[in-house]
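Below you'll find the structure, written out as structure tokens, and then a few comments.
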Amino acid sequence: MILAALVLAILTLGPIGAVLVRAGGLGDLAPGDLQALRFTVFQATLSGLFSVALAIPVARALARQTFWGRGLLVSLMGAPFILPVIVAVMGLLAVFGRSGLVNGALDALGLPNVNIYGLHGVVLAHVFFNLPLAVRMLLQAWLAIPAERFRLASSLGLTPWGVFCTLEWPLLRRIAPGAFAVVFVICLTSFAVALTLGGGPRATTVELAIYQAMRFDFDLGRAAVLGLVQLTLGFVAGLVALKLAPAQGFGIGRGRWVARWDGRGLARVLDFFWIGLAAAFLLAPLALVVARGVPGLLEGAGEGTWRAAGHSLMVALASTTLAVLWALPLATRRGELLSIAAIAISPLVLGTGLFLLLRPFVNPFTMALPVTAVVNALMALPFMLRILRPEAEQVARDFGRLGATLRMTPWAWLRLVWLPRLRRPLGFAMGLTAALAMGDLGVIALFADPDRATLPLQIHRLMGAYRMEAAAGAALLLLMLSFGLFWLFDRGGRVHVED
């Protein structure tokens, strides 16, 4: 663990130090940087509020209603969280863009069109990504309420409003603030969404300001200051998210299921309204990406696109391997605390620092793909530890004494106990990491040349050249590769494992 923690500290603090040394110290903020900071905090706050507020009725509806295909719908509604950002943006443009479905319907009714660019577009995209995450967090908490509590409420003759005040409102007070904090942290480092949907200087995030300072001004001092500001914001918000992590709630039950009488009649109609609304909002862009991508797949699958797809696959597999090697020794509470810096630090500052450290030894532009893989692994580490740590600590509690009694070596413990018991969550975490790495558009946007582009960067270039049909085909290819990797890793963690 000490070695993994040391490597983590070097990779988070070393690049910032390299940028500061190269810049000759901290630079001055530009007049627009304070506006970018205000916009970043404002859009992250709005995104967190809307995501959690909309997730509450959806999670409640899914918790108290049963219907055919419910499990599949819950799984599909989680798809946007692992959807490549550039693909999701194309799907949202197909629905809310100038020639999208919504504006087409408004034109037919003679009403003004909707402009997706600007603050509302950034918030809309962030809600699209984070609503499924908030729903899953709230749904798991709702399902953790023992059935005996609902039976007791029924025997006491509580009304549906009484059930909400007695059981569900205390649950929301415990879970909702933590869910908001998690979404807020994720939205702080927004780059690709602001790059494509920002629409101007007034809708610039801190991460996008860092990109502009490096790419167009090469002002490393200013970029370092912005990176430290973002690191401080993210670290504080991450600590708040951990502090607000739910404690023990309603106790344990016997694991039985009870029919929710408070979800009948008008409540059932309202529940299915919220489920249908969320499903349409989350699945319609995905369906349009598939529908519009099929005709353009052959056109978009030129030599450059296939080469970029190969680069993305290599980056995703390398990032997943590195993240696993880091996460296994750090799967403790202390390790998870150390990883907060990874999600708070700017990937662009991190990538630039690594390039500066490599510059005396190799041509940094030839290292664009390896550096991208390292940065993606570091960014995915907090998510992987959040998935692995509870299971790893449970294995240590259940089998630690037995392993000590048998005097098992660390290798034997890893091979015979830890990995077999962690196979299911490890497969899910690896699939999540691979999918997120496949769709990343961050460091590679700064340093890649045409021969080393990844698939998200290739899509962005096709969109910039107004080759929208080719971009749609490349987006469909990226979508298939991302979900294919996620399915393979997640399925591999479940093979020969009894449910």
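Applying the ring pair (Phe, Tyr, Trp, His ring centres under 6.0 Å) criterion to F486, with sequence neighbours excluded, gives F428. For A55, the side-chain contact (heavy atoms from CB on, under 4.5 Å) partners are L131, A134, V135, L138, not counting sequence neighbours. A176 pairs by the side-chain contact (heavy atoms from CB on, under 4.5 Å) definition with V52, not counting sequence neighbours. Scanning for side-chain contact (heavy atoms from CB on, under 4.5 Å) contacts around L37 gives V41, V206, V229, L233, with sequence neighbours left out. Residues passing the side-chain hydrogen bond (donor to acceptor under 3.5 Å, both in side chains) test with Q43, sequence neighbours excluded: H126. Here P456 pairs with I86, S312, L441, T454, L478 under the side-chain contact (heavy atoms from CB on, under 4.5 Å) rule; sequence neighbours left out.
Side-chain atoms of V374 and L354, non-hydrogen and from C-beta on, do get closer than 4.5 Å to each other. Considering only heavy atoms from C-beta on, L282 stays 4.5 Å or farther from L286 through its side chain. Side-chain contact check for L228 versus V225: every heavy-atom pair is 4.5 Å or farther apart.
In this structure, A327 and L385 approach most closely via the heavy-atom pair O-CD2, 3.5 Å. Scanning both residues, I459 and M90, for their nearest heavy atoms gives CG2-SD, 3.8 Å. The two atoms that bring V183 and G48 nearest to each other are CG1-CA, 3.7 Å, heavy atoms only.
Taking CZ of F96 as the reference point, atom CZ of F128 lies at 9.0 Å (rounded to 0.5 Å).
Under a cut-off of 6.0 angstrom, the local environment of CZ in F483 is crowded, with over 12 non-hydrogen atoms contributed by other residues, nucleotides or ligands.
Partner of M438 under the side chain to side chain contact (heavy atoms under 4.5 Å, CB included) criterion, out of L479, V315, L481, L317: L481 alone.
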